Amino acid sequence: MKTSNQEIAELLRSAAAALTIKKGNLFQIRAYETAADGIEHLTSETKDYWQENKLDQIPGVGESIRNYLDEYFRTGKVKHFQNLEAGIPPVVFELLDIPGVGPKTALELAKLGVKSRVNLSKQLNSGELVKKGFSVKLASKITSGLKEADNRTNRMLLPLAASQSRVISDYLKKGPGVVACDPLGSLRRQVATIGDLDFAVASKTPEKVVDYFLKMPGVNRVVSQGEAKVTVMLHTGLHVDLLVGDPDSYGALLQHFTGSKHHNIKLRSYAQEKGYSLSEYGVKKIIGKEVKSKNKEKTISCKTEDQLYKLLGMQTPAPEIREDRGEIEAALRYKLPDLIKLEDIKGDFHLHSNFPLEPSHGPGINPIEEIVGNALALGYDYVGISDHSPSFTKHTFNEIKVLVITRNNYIEQIKSTSKIRVLNGLEVDILTNGDISVPDKTLKTLDYAIAGVHSSHRMAKEEMTKRILKALSNPYVDILAHPTGRLLNERESYNADWEEVFKYCAKNNKLLEIDAYPNRLDLRDDLVKMAKGLGCKFIIDTDAHEISQMEVMPFGIAVARRGWVEARDVVNTWDYKKLAKWFNLKS
Ligand code: DGT
Ligand code: CA
Ligand code: CA
């Protein structure tokens with residue numbers, strides 16, 4: 001039975017597609033899609049929720065879907081879904097996964113004789129589909145969609161990886177003779193997506209720890225096994241690597257298994273020049289041309305990572321920056337950056353409320369007062385509300401103005417009674433020609449504006465660069481929202497000349513947003529580092545549409561740290577006075 005969250009989400013999406021094709025109830029279709037989204041973003045497995053009788057805690061899953069999920073976990077199928085899908089060629093469901101292919105297009109492709117994804121690709125390349133009457137424009141859209149799908153890796157997002165890893169660590173820590181246990185690899189480096197989980201354990205009895213690990217609930221099969229190391233696959237399909245090492249050399253094991261591979265390779269060759277040999281088993285002194293001896297006495301004790309780096313005459317780089325992007329050189333000069341920490345954050349600026357603004361994109365679900373209350377509970381000094389602006393296509397400029405002014409007045413009232421500073425912002429759209437979806441005279445009434453690309457992501461690089469630069473040239477735009485627009489495992493980054501955009505931002509005091517939402521994190525760490533190098537300032541915020549999502553801030557901090565960002569580079573670590581000056585607000 002397929003039980004990963006991804007697979008359950010697909011099950012629901014297929015049902016939604018079948019309903020769409022059969023012209024079913026729109027609310028029901030939406031309900032399946034919402035449930036699929038909720039499940040995809042869970043930090044635990046749906047099956048665990050089911051086993052613990054907690055399906056009702058999954059956001060977006062109502063009673064009827066709960067019953068279907070229950071039937072699925074009990075019997076491996078959902079009768080109702082099978083009935084819905086009856087009569088629809090199976091290839092339709094296979095094609096739905098391709099960006100740009102919806103249920104109706106998939107059905108049309110099936111009717112035109114497409115047999116599989118591979119066959120679709122063939123018929124597109126040979127021009128056969130278009131000859132059969134398929135739209136040229138759609139054909140080209142699907143061709144790029146297929147390319148995008150091929151590049152997808154389906155790596156796990158950080159929140160799920162972190163919560164799975166906690167369960168495994170908790171288990172391992174109770175193992176026989178376990179002195180310490182740490183999750184390492186890309187999770188410790190806080191990479192936005194995780195391939196597999198890696199654990200190190202310090203113990204004098206490695207065989208016993210390996211045996212114990214193999215008995216962990218959820219282990220499906222052993223992929224490979226040695227005396228002190230083992231790789232297993234869980235029922236969810238996830239791979240887990242375990243390495244057990246001597247507590248005296250645990251620092252070397254931590255260092256090795258944290259990686260990254262490139263960092264390790266560089267560090268090892270540097271160590272060699274200094275006369276040391278590094279490995280997961282420990283640090284050894286090289287005498288002459290050879291590692292002096294394999295026996296244990298010659299191994300240099302190295303209980304912590306700090307000892308290892310100190311031995312090599314350098315600072316310990318934070319795990320997040322161990323990517324061979326200059327950190328070894330900086331560590332040798334004792335010039336590592338003082339990376340930003342979660343505690344440095346004094347407020348969140350990208351938050352959506354349920355204020356009736358008739359917005360262009362999804363509103364939030366909480367009233368502004370609740371968001372402000374939650375910001376206070378999180379210990380913030382200030383909070384900015386940034387609803388999507390009123391829909392540009394459905395309103396005249398004058399109507400937009402009236403809606404915004406109504407909201408301004410409402411927020412003014414909240415400002416006057418709130419215990420923390422409240423800022424009145426909007427998230428506005430960067431239209432295809434670079435114009436902003438809200439007129440200047442209305443933008444002027446706000447404390448700040450975040451501008452983002454929310455449509456036509458597929459523009460050519462030069463055009464997109466021009467579009468963004470034009471938007472940023474608007475004097476009332478303060479922040480470039482979620483640059484690159486990627487959605488992890490879903491949508492690729494859009495193309496732009498980032499160097500040009502960043503130079504413009506640095507020169508004109510435009511902030512770059514690091515959107516902490518875990519499937520976005522779309523100002524990627526490599527771009528953050530480049531922007532920082534060019535002198536840009538940042539704002540890290542959560543893009544929360546529900547107050548519990550305000551807790552995703554650590555993922556944004558992780559990206560910032562991976563991009564070498566210090567607290568002083570991030571405006572929402574500043575005190576209100578300095579911040580007010582930046583945004584030209586009354587202090
Ligand atoms: P992932 O799992 O794809 O998200 O990325 P990582 O970094 O967790 O990679 P993984 O699980 O293959 O290996 C964990 C760590 O083990 C890696 O960060 C560094 C170390 N390592 C793995 N392969 C090599 C290697 O070929 N050479 C060196 N020096 N270290 C390696
Ligand atoms: Ca890994
Ligand atoms: Ca691994």
Side-chain angles (χ1 to χ4, degrees), residues 4 6 151-169 172 181-202 210 213-214 216 218-226 228-234 236-245 249-274 276-284 291 302 305 308-309 312 316-325 327-328 488-489 518-519 521 524-526 555 558-559 561-562:
S4 77
Q6 191 62 37
N151 291 335
R152 258 196 308 227
T153 49
N154 266 337
R155 292 165 58 89
M156 211 183 346
L157 299 184
L158 262 181
L160 180 59
S163 76
Q164 298 283 299
S165 131
R166 271 192 295 275
V167 176
I168 297 171
S169 292
L172 279 171
C181 165
D182 288 273
L184 304 174
S186 50
L187 179 62
R188 183 167 183 227
R189 301 197 315 280
Q190 295 277 286
V191 182
T193 64
I194 307 294
D196 69 8
L197 295 179
D198 308 286
F199 293 88
V201 160
V210 167
F213 181 59
L214 293 178
M216 183 173 71
V219 171
N220 182 13
R221 64 182 179 87
V222 179
V223 177
S224 68
Q225 184 176 356
K229 62 174 147 189
V230 61
T231 298
V232 299
M233 192 178 92
L234 305 183
T236 54
L238 178 68
H239 277 91
V240 185
D241 284 344
L242 171 69
L243 270 178
V244 189
S249 288
Y250 193 53
L253 178 53
L254 288 174
Q255 196 290 317
H256 168 84
F257 220 24
T258 297
S260 69
K261 190 171 158 180
H262 295 295
H263 174 88
N264 286 0
I265 291 170
K266 172 77 78 57
L267 193 71
R268 246 187 242 184
S269 69
Y270 173 75
Q272 216 136 34
E273 283 169 26
K274 298 263 292 184
Y276 295 104
S277 142
L278 304 182
S279 82
E280 58 268 54
Y281 306 110
V283 182
K284 289 177 183 167
V291 178
C302 190
E305 271 186 334
L308 184 150
Y309 283 103
L312 299 176
T316 306
E320 291 94 330
I321 62 169
R322 297 185 198 167
E323 298 291 346
D324 190 19
R325 291 183 187 154
E327 74 283 4
I328 291 177
L488 289 165
N489 292 335
N519 74 333
L521 303 176
R524 306 184 312 252
D525 47 31
D526 57 320
F555 304 110
V559 175
R561 286 172 64 86
R562 289 181 53 77

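We count ligands from 1, going down the list as the structure has it; atoms in each ligand are counted the same way. On a predicted model such as this, the values are computed, not experimentally measured, just so you know.
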Atom indices of ligand 1 within 4.0 angstrom of Ile194 heavy atoms, with elements: 4 (O)

Glu305 with Arg188: basic N within carboxylate O range, under 4.0 Å: yes

Atom of Ala252, atom of Ser279 and distance for their closest heavy-atom approach: CB-O, 3.6 Å

Region of Thr258 engaging ligand 1 - heavy atom pairs below 4.0 Å: backbone

Exceeds 12 heavy-atom contacts within 6.0 angstrom, atom NE2 of His262: no

Worked verdict on Lys261 versus Asp324 for side chain to side chain contact (heavy atoms under 4.5 Å, CB included): CA-CA 9 Å; Lys261 190 171 158 180; Asp324 190 19; over 6 Å; no

Asp196, portion touching ligand 1 at heavy-atom distance under 4.0 Å: both

Nearest-option assignment for atom 1 (P) of ligand 1, heavy atoms, candidates Ser186, Ser279, Gly185: Ser186

Basic-acidic side-chain contact under 4.0 Å: Asp525, Arg325: yes

Min N/O separation Gly195 to ligand 1 under 3.5 Å: yes

For the student: nearest non-hydrogen atoms of Arg322 and Thr316, plus distance: NH2-CG2, 3.7 Å

Angle subtended at the Ca ion (ligand 2) by OD1 of Asp196 and OD2 of Asp198, nearest 10°: 100°

Note, Leu158 side chain near Pro518 side chain (heavy atom, < 4.5 Å): no

Asp182 side chain to Ala200 backbone, donor-acceptor under 3.5 Å: no

Per-atom contacts, ligand 1 versus Ser260 - under 4.0 Å to a heavy atom: 18 (O)

Identity and separation of the nearest protein heavy atom to atom 16 (O) of ligand 1: Phe257 CD1, 3.5 Å

Atom 27 (N) of ligand 1: nearest protein contact (heavy atom, Å): Lys261 CG, 3.7 Å

Atom 20 (C) of ligand 1: nearest protein contact (heavy atom, Å): His256 O, 3.3 Å

From CG (Leu242) to CD (Gln225), nearest 0.5 Å: 10.5 Å

Check: Glu320 main-chain N/O paired with Arg562 side-chain donor or acceptor under 3.5 Å: yes

Nearest neighbour in protein (non-hydrogen) for atom 30 (N) of ligand 1: Asn264 ND2, 3.5 Å

Step-by-step side chain to side chain contact (heavy atoms under 4.5 Å, CB included) determination, Val201 to Leu243: CA-CA 6 Å; Val201 160; Leu243 270 178; over 6 Å; no

Heavy-atom nearest neighbour in the protein, as seen from atom 17 (C) of ligand 1, with distance rounded to 0.1 Å: Gly259 CA, 3.9 Å

Shortest-distance N/O/S atom, Asp241 versus the Ca ion (ligand 3): OD2

Proximal candidate to atom 18 (O) of ligand 1 [heavy atom criterion; set Arg189, Glu280, His263]: Arg189

Shortest protein contact, atom 3 (O) of ligand 1 (heavy atom only): Arg155 NH1, 3.0 Å

Close N or O approach (Asp198, ligand 1; < 3.5 Å): yes

Minimum-distance protein heavy atom relative to atom 28 (C) of ligand 1: Arg268 NH2, 3.8 Å

